[in-house]
Amino acid sequence: MNDRPRFDEQRSAAIRSALLDVVEQSPRRDRRRQVRIAVAAVLAALGLGLGGTAVAFAVTGVSLFGDGGVTAAPPTTSAPATAPSTPPATDAAPAPAAHPLVVTGDPIAPHDILTQPAVTPAWSVQLPGAGDMCEHPTVIDVADGYALVEVGPTQPPEDSHYDCDLDASRFSLTLVDTSTGAQVWSRDWSWDFTYGDHTAASLLGTSGRVLVWDALGGPGPKEVLDLATGTTVASIDVPEHLALTTLYPVPGDSGDVAVLAQGRDAQGQPTTSWSVMRADPADLANPRWSVPFEAEQAGMAQITNTSSILQVTHWVNGQSSALDVYDVDSGALMVGATTDRSYSYYDGFTIRASDQIDYKKARTIAGIDDAGNEVWSRSLDSGYSVAPILQIARQPGSSPQLVSEVLLIGPGTQLELVDGVTGESRWIADGAACGAGPGIDGTAVSTYGFGLTADGVVMRSSDKGAVCGFDHGTGAVVDVSQRPSTDFGVSGELAQYRLDGAFGTGGLYSEKGQDAPPSPMPQSGTGTAYDATTGAALWSVPAFYDERWVLAGGYLVGFSQGRVFGIG
């Protein structure tokens, strides 16, 4: 960790020029890794203080910004054999050999299923405490073929009269090799039932550790776990004079957290004394750095890329919110008490919107590198709005989909495709056919629903289907009228997976629930894969009333009756 800020505004122009020279001839579809290597080389040449280790990583081709690798021994626990046509009562034996868990932070791409799978699940794992509507399972992507399945904490469904089992609060984590169905480890906890419990797990960057924490300070577990084994590395002790409202993992391999803390008085009541800090979660009493400030209320944004930009919003004396921006490495204040800007995190860059006109428009849009330097900018008196171009691959930790490019909207319905790292303008097109932004969005063209397809089309989807499309290389209009919408179901690169008559489509709606699920559980639905380009149905399998599908570690899995299972 550096003891000084990483950013230097005076060198932004030099960085931008050097980056453009390095990446000009790089392939556009797959150059994020080359660009990051170029960034490190440029910053090292300019003396921006990445350090000898980062430069060595750049030379060897390893990801630069804290994406260190953690390798664990291959999983040794597999599920017992059996495989009926319904989610089975006992576990199906995985066929292929388990593969090593390697945590790098690399994007996780989907493994599409394009041919008819078997009706029988490829594998099935019973989840501790699952099966009750009070204990909804979620997925945390870890690496290709690996996912943490989180069940709970126990909470009654909203808008429902379903009689949940509320004798205790329950929470569990299970690490599953989703390519084989091997259960690596499983942990579960229980405590006196508490309404509004927010216990949740999150990956501590690429450190190979997992944070288990309740943001509201409830009685649930507060621990750091070893990702490879599930064992407790440390308990989290909160200093008595502080109320910790937020703990967010710091990007990279440090295992640190960014912390927002509110002071307490002698009677334990909250005060207007706050602090933002960076600390090892196992030693919160001795932060690596800490900066105090006064506020009535405060909030902090999670850094979802490898940026050093840490945003803290605060309110004082009933005034409008103000934003402070800190260097997460050193705690140095980059920008203080600004009221006209915001930052959005993407893949290898951060967008700064400043001189804001309203919720979605700003007169200046700039691309900021991971060290906090401005690399490129655009200004327009009438204001730009920004539409991110989502890619299918996701970062580990269940972060949002990758975004390497953005569309700048304005003036009017003009769309400009911009490389987020270099600021290079790819093309300009008219986006009138893409539809205006609804409600409070209110932009000339909607800022939601744009994505890059596997065949190189920048396409916008809505709940009514594909709306508009442009060739990724030229900006020429592409007919996407037959393509399925990406707004529903599970999006792969080559296929869209949807359930009809199951979870959310006639069966259980969501974690809000409806009535108690029937017993025995009927196969009332159908799961179908559609070609992402033509919309043609590729295959179908029966689905249960409570069944839902997700991508976990890049593999398509289903949930039903307290089990997670492989489709096909």
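Owing to the predicted nature of the structure, the values given are computational and were not obtained by experimental measurement.
Scanning for side-chain hydrogen bond (donor to acceptor under 3.5 Å, both in side chains) contacts around Ser190 gives an empty result, with sequence neighbours left out. Partners of Arg548 by side-chain hydrogen bond (donor to acceptor under 3.5 Å, both in side chains), not counting sequence neighbours: none found. Residues satisfying the side-chain hydrogen bond (donor to acceptor under 3.5 Å, both in side chains) criterion with Thr528, sequence neighbours excluded, are Ser540. Under the side-chain hydrogen bond (donor to acceptor under 3.5 Å, both in side chains) criterion, Ser485 pairs with no residue at all, not counting sequence neighbours. Under the side-chain contact (heavy atoms from CB on, under 4.5 Å) criterion, Gln401 pairs with Leu390, Ile392, Arg394, not counting sequence neighbours.
Of all heavy-atom pairs spanning Thr154 and Phe193, the tightest one is O-CE1, 3.5 Å. Contact between Pro484 and Ser461 at its shortest, heavy atoms only, is O-OG, 4.3 Å.
Atom CD of Gln116 has more than 12 heavy atoms from other residues, nucleotides or ligands within 6.0 Å.
Judged by distance alone, the side chains of Gln391 and Ser404 do bring a donor and an acceptor atom under 3.5 Å apart.
In summary, Asp419 and Arg426 engage in a salt bridge, as defined by a charged side-chain N under 4.0 Å from a carboxylate O.
A donor-acceptor contact shorter than 3.5 Å links the side chain of Ser169 to the backbone of Thr194. Proximity of a side-chain donor or acceptor of Asp347 to a complementary backbone N or O of Val403 within less than 3.5 Å is not detected.
Across Val480, Asp471, Asp479, a single residue satisfies side chain to side chain contact (heavy atoms under 4.5 Å, CB included) together with Val457, and that is Val480.
Ring geometry for Tyr497 versus Trp539: interplanar angle of 30 to 60°, hence tilted.
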Practice prompt. Applying side-chain hydrogen bond (donor to acceptor under 3.5 Å, both in side chains), run through Thr306 and Asp370 and close with a yes or a no.
Written response: CA-CA 6 Å; Thr306 53; Asp370 282 348; 2.5 Å; yes
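For residues 482-498, the pairs satisfying salt bridge (Lys or Arg N to Asp or Glu O under 4.0 Å) are Asp455-Arg483, with sequence neighbours left out.
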